[in-house]
Amino acid sequence: MEKDPISEENGKSSRNKQTKFKRKELGLSCMLNTELGAVLAVIRRPLNPTSHCFAAPEDTIDPSLLQSLKSLRALIFNPHQEWRTIDPSIYLSPFLDVIQSEDVHAAATRVALSATLKIIKLGVFDEKTPGAKEAINTMVTSITTCRLERTDSVNEDAVMLSILQVLTGIMNHRASVLLSDQSVCTIVNTCFQVVQQSANRGDLLMRSARYTMHELIQIIFSRLPEIDFRDDESLASTDTEDADADDGTMDSGYGIRCAVDIFHFLCSLLNVVQVVETDQGSTVQTANEDVQLFALVLINSAIDLSGDGIGSHSKLLRMMKDDLFHHLVHYGTRSSPLVFSMICSTVLNMYHFLRRFIRLQLEAFFTFVLFRVSAPGVSIQLQEVALEGIINFCRQLTFVVEVYVNYDCDPLCHNVFEEIGKLLCKLSFPVASPLTTLQIQAFEGLVIMIHNIADSIDKENDTSPSGPYPIEIREYTPFWEDKPKDDSEAWVQFVRLRKAQKRKILIAGHHFNCDEKKGMEYLKLSNLVSDPPDPKTLAYFFRYTPGLDKTMIGDYLGDPDEFHIKVLKEFTGAFGFSGMNLDSALRTYLETFRLPGESQKIQRILEAFSESFFEQQSADVFVNKDTVFILCYSLIMLNTDQHNPQVKKKMTEEEFIRNNRAINGGKDLPREYLSELFQSISNNAITLFGQSGMTVLMNPSRWIELMNRSKTAQPFILCDFDRRLGRDMFACIAGPSVATISAFFEQAEEEELLHECIEGLFSVARIAQYGLEDTLDELIATFSRFTTLLNPYASAEETLFAFSKDLKPRMATLAVFTIANNFGESIRGGWRNIVDCLLKLKRLKLLPQNVLEFDASTSSDAQPTSESGVIFPGHDPKFGGRQASGMISRFSHFLSLESPEDAVSLGMSEFEQNLKVIKQCRIGNIFNTSSNFPEDSLLNLGRSLIYAAAGKGQKFSTPVEEEEAVGFCWDLMVAISLANVHRFQAFWSSFNDYLLAVAQFPMFSPIPFAEKAIVGLFKVCLKLLGTYQPDRVPEELIFKSINLMWKLEKEILDTCSESITQSLNKILVEYPANLQTQLGWKSVLHLLSVSGRHPDTYEQGVETLIMVMSDGTHVSRTNYAYFIDCAFGFIALKNSPSEKNLKILDLLADSVNLLIQWYRNHYSDPGNNYSIASNTSTSSLEDSKGFGSNNFTMNLFVKLGEAFRKTSLARREEIRNHAVLSLQKSFQLAEELEFTPTNCINCFNLLIFAMVDDLHEKMLEYSRRENAEKEMRGMEGTLKIALELLTDVYLQFLIPISQCSGFRTFWLGVLRRMDTCMKADLGSYGESKLPEVVPELLRKLITEMKEKEILVQKEGDDLWEITHIQIQWIAPSIKEELFPEESL
């Protein structure tokens, strides 16, 4: 039968395992046999190694010891079971007996220790072995009670080293969890004894002992997080030593009890003293720094390994918070640099793991230790250590914000963050070169803190809010009440509100010191006091506001007013007297104010103190509060007696005790208690009349009060950065930080330090963009000074030399423009410095040819370029996000290329190097991205450019330099205007105000300012009109500025005529439909007419006018009058081509058709896309009825006629005659306008009569001149045509005219003018030809009037008779023909 392969394989594997197990068991037996033999051999070894005779063991050694060893040998190779299951005491006891024996010599003890260590390391037993618990605890007892025979130091050291190894092996053994708390404490104590003994022995033993101690602490405290919490509960139930129920914890081995005892032991090592001899031969006790340092290393290790597990064990935590921290604060100002450094490290570790529980302790450490040791007057070494300690804290990611939230935003705490920032600024602020290591160290700390804030609040894709700033206190909330942190928005607002309250409280304190009433009024005004006032508010105000006048506080608290007494009670209740002696409590109380001199006030104050102290005491020393009150008075009297130099006979202790008999409810107080009080007062006076500002030290009573406060205080708040908190906290130190960075940059010489300054500068800018614009402006103003570009006393050559030879100006320049590129939206007043730097670079020829190169890919159209090299954008630019890393990398690249050697190797001249630096400044991008600027920033930039262009703050050496600078400024103005054309209305009104303001400057010169301005303004205007604007305000704004500029200096209309005309042509040809306002049309057409004055622009101007008027589409009621003015302006020009003028006159005459169309179509403009109702612009032609009236149409017609009338006086006869004929044509066309009788007469008076009168007068004027016959005859001919016009128009409107009540007067006016022309005296030039025309015209008039029965004989109407008389006077030759009846 064949065997199963699987079963066979399993059987084989099982046999292999059994074989290995047996081999292992045999190996253990051999090891025990070997160790046992070694021990026996050493024991049997003769005492004298040179002797060959052996001493009988039974004569020198305890027989039972040898018997136990021999019994073990009999068992070794015949065990009844596995070694792991055998009780370890069976094979350990013989070796332990040897170790404890007094009879064996040191060598045998050492071998027994070695055997024990080998048993431990080979793992003969484990925690599951029966009897393991008893065995391992017995092992500890035996090892720690080892009887060491005094031999030579070498053997003794070897034995102690073996003891250390065995103890370490026990703690590392798996069964160590079965050790009792007592055993663990015994191990640590034994190890420390070896440490102490090693001080006078070899260095090896000392190092080994200390290392072992450290390893033991690591093993014990690394287990702390795993210890059952029940251990801690049993300890917390009572403070007595017997409370630790061993039976409840022994099953799981050692626990929190031993950790507490060991940690208490480590803390006690900080108080170990040593006796030191002084130079005078006396001895003093000082702290043993070597032991302190050793203890701190162990404490640090314990905290590191325990971590936040300490927080789960109240007694251990209480020891950390109280005993340890008190020692650290106490020795913090009294230690060597090395010990102090370890203290700082310990506190930092506690911050990492336990800060939730040590809020007030951390504040005390900073306030009473770090800040004081860092202050001037302390040794440089200690200052450096303290500074490094502060910097290490600042390196922690959330430290600064947590400190700010927990302390600076708590009115009851110190401003720890602000003090850190100001301390770093103070210590790093350089007074002169060279920089000290302390200054460099402090500056690095400052920069680290600023980087930390910047990196935390300036994150990409962070959409958290950044306002409002500053926050306002809108209603009363108790400032001393804290609030637990939650994730709500309300908590952030609550923290910010508390900071605002704290700031107001400090201001109120200043007012209070000046005048009590003003201080109280300010508290009410700031909503810090309720209505009616809450006594607790003022009590906490007096208790926790630093810098208050202590005399005024004492007077207020001692006042008999009822409200003051309530405040006194609340004030006294704010102290924690629990656990204090009476003298300590009284000292603490009287340190906060100056005790008044009036006895009644003192009584009230001490009564309040006595009541509060009695209520807080747990001991039964005092029967009632009256005892406390009496004893307080007695202590004050004793204090005066003992420390007043005027008292010669001092009170003795017996007298003091006798004076205080039977004050405790008729009984005596304990003599020891009174004696202690006497000694305390005698040795240390109570400060009864302290002043504010005195140095306050951390004393035991103050520490007790701190611990009492910590019981009720909110735990340390753990939080991350919030953008608003980050901005608020930096605002506290912004001023000193900027000043320090600037001063450090000025004094630093090393490139690395300069680089650090620039990085700090960028981080400040990253923070300042969130509401701290003033800080950013200050930063720019300061660093602009370092560019050397703004030195008003340096010539261009000196500036260029300094800029080229020194790295610092180039770095500052690049830094300033990098900030402008990345944070331009947050710059306000700083734009002035940036603009000034730009202008100086322009003068130094350091700006590239094309300064503002906008992204060419944004538009396919060719973009206009200015004389300054500015390429104007075709549309609104887009701006990508910025990154701080990008700024730094660019700067690093700049630095790497700035060495002269690199420049030489690349073949670059100094000028080329400078140009390269300026190119890296990316100046064009600043203005390209201005579309992202908020309105405030944009307005400040515009104002800076306008003011600079006007010469404010500028000095020009030559007119050419001035012209270039002004042109450059206006090019930049145009650039930002084009980039922001989408919000033109929002900013240009202010820009226009700036233009008005600069015109009022005392030394303002319109040239070249206005000359460059009007060219630039037209570029902006073209951009605005390039697209249809629903809102007409931008158009009005730009033309208002254009008009302002040319009115400042009308000469610019000639010097800039070509540019202006081209712009006007483009507006009227390409964008006339987008020109919608009266101001716009008026300005354009007026300037167009002015362009005709210049020969080079006349042709383009007149053709533009003719084209627009010929088309007629864009001629409307709103601009019709301006077209007339413009046309007349061209016609009135001397030597202008006649054909152009005649064309214009024809177009003017034909324009009457437009008037007719508007009249017919209910006054709506054909060809225009807006109605009368939509036009809200104003016009000088409007009457009270508005555009919709017939009267307005008549006004336009009159306006047209006046143009013809004026043209009829032109020097050229052809133009005059054509003007009269055009007027005649206009009247003919205008018949459809339904002239009223009044309108007709008005038109005659204003146009025809005026024209006839003017022509007649002009004719007579020429007749009186010599050699003017040609002009006179030409004027006579025009007058003849005008009379014919008069006749024709009169007959055209005869009917409506005759219906007018003033017809008789009007008719007489016609006859009078005929008479004047008929009798014109031309002097030496002969007879006039008018008498030939006038009778014919009269005949025509009267005949028509008769036919229409207007001139008929009527009773009561003298028109016929008057006409007959006038005709007889004017032209008698036609009288009979016209009035035959009268002739008969």
Side-chain angles (χ1 to χ4, degrees), residues 790 792 831-843 847 851-852 864-870 872 927 938-978 984 987-1023 1037-1064 1083 1086-1087 1090-1091 1094:
L790 303 184
W831 284 119
R832 176 181 175 184
N833 303 97
I834 294 172
V835 169
D836 289 345
C837 289
L838 275 175
L839 290 176
K840 192 59 174 283
L841 290 172
K842 178 73 175 175
R843 293 181 206 172
L847 289 181
V851 180
L852 307 181
T865 305
S866 70
E867 295 177 2
S868 300
V870 178
F872 299 108
F927 302 92
L938 189 63
L939 292 179
N940 278 277
L941 174 56
R943 179 173 57 186
S944 300
L945 289 170
I946 291 173
Y947 281 24
K952 187 172 184 179
Q954 306 297 320
K955 293 182 179 180
F956 305 108
S957 54
T958 63
V960 174
E961 185 180 276
E962 179 183 9
E963 185 175 354
E964 289 179 352
V966 173
F968 180 64
C969 288
W970 271 107
D971 289 341
L972 297 180
M973 271 291 297
V974 173
I976 64 171
S977 300
L978 297 183
F984 189 83
F987 67 86
W988 194 264
S989 179
S990 298
F991 280 13
N992 191 71
D993 292 340
Y994 302 151
L995 294 175
L996 287 169
V998 299
Q1000 309 300 320
F1001 287 176
M1003 303 298 291
F1004 173 70
S1005 173
I1007 302 294
F1009 179 85
E1011 186 177 45
K1012 301 296 182 182
I1014 199 164
V1015 175
L1017 291 174
F1018 265 111
K1019 292 176 182 177
V1020 178
C1021 181
L1022 288 171
K1023 180 68 174 179
L1037 288 173
I1038 191 64
F1039 279 110
K1040 187 183 294 185
S1041 299
I1042 289 173
N1043 290 334
L1044 172 64
M1045 289 301 99
W1046 70 259
K1047 288 178 181 178
L1048 287 176
E1049 181 56 67
K1050 295 185 178 181
E1051 181 184 334
I1052 66 172
L1053 296 178
D1054 294 327
T1055 57
C1056 303
S1057 60
E1058 188 172 348
S1059 174
I1060 294 174
T1061 304
Q1062 290 175 357
S1063 300
L1064 296 173
S1083 304
H1086 172 75
L1087 292 174
V1090 174
S1091 68
H1094 202 282

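- Residue K1012 holds its NZ atom at 11.0 Å from CD of E962, rounded to the nearest 0.5 Å.
- Taking CZ from F987 and CG from L939, the interatomic distance works out to 8.5 Å, rounded to the nearest 0.5 Å.
- Taking CG from L1087 and CZ from F1039, the interatomic distance works out to 8.0 Å, rounded to the nearest 0.5 Å.
- The closest side-chain heavy-atom distance from F984 to L978 is not below 4.5 Å.
- Minimum interatomic distance between V1020 and S977 (heavy atoms only, all atoms of both residues): CG2-CB, 3.8 Å.
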For residues 991-1007, run the donor-acceptor check on the side chains, cut-off 3.5 Å, and write out each pair with its distance to 0.1 Å, sequence neighbours left out.
unit_1 : atom_1 : unit_2 : atom_2 : d
N992   : OD1    : S1041  : OG     : 2.6
S1005  : OG     : I1007  : O      : 2.7

Distance-only donor-acceptor hits, side chain of residues 1044-1055, under 3.5 Å, sequence neighbours excluded:
unit_1 : atom_1 : unit_2 : atom_2 : d
W1046  : NE1    : N1043  : OD1    : 3.0
E1049  : OE2    : E1051  : N      : 3.4
T1055  : OG1    : E1011  : OE2    : 3.0
T1055  : OG1    : I1052  : O      : 3.2

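- Side-chain contact between S1063 and L1022 is present, with heavy atoms from C-beta onward closer than 4.5 Å.
- Closest approach of C837 and L790 over heavy atoms only: N-CD2, 3.8 Å.
- Between the CD1 atom of I1038 and the CH2 atom of W988 there is a distance of 4.5 Å, given to the nearest 0.5 Å.
- Checked for salt-bridge contact, R843 and E964 miss the test: no charged N lies under 4.0 Å from a carboxylate O.
- With rounding to the nearest 0.5 Å, the separation of OG in S1059 from CD in Q1062 is 6.5 Å.
- Here the closest non-hydrogen pair linking E963 and P1008 is CA-CG, 3.9 Å.
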side-chain contact (heavy atoms from CB on, under 4.5 Å) between L938 and W831: does it pass, once the steps are laid out?
-> CA-CA 9 Å; L938 189 63; W831 284 119; over 6 Å; no
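- When the side chain to side chain contact (heavy atoms under 4.5 Å, CB included) test is applied to A965, the partners found at least two apart in sequence or on another chain are L839, F956.
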Between L945 and F968, does a side-chain contact (heavy atoms from CB on, under 4.5 Å) hold up when you go through it step by step?
-> CA-CA 9 Å; L945 289 170; F968 180 64; over 6 Å; no
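- V835 and A948 make their closest contact through CG1-CB, 3.8 Å (heavy atoms, listed as atom of the first residue, atom of the second, distance).
- Note that CG of L1064 is 8.5 Å distant from SG of C1021, once rounded to the nearest 0.5 Å.
- Shortest non-hydrogen contact noted between L1017 and W970 is CD2-CZ3, 4.2 Å.
- Using a 4.5 Å cut-off on side-chain heavy atoms (C-beta onward), L1037 and S989 make contact.
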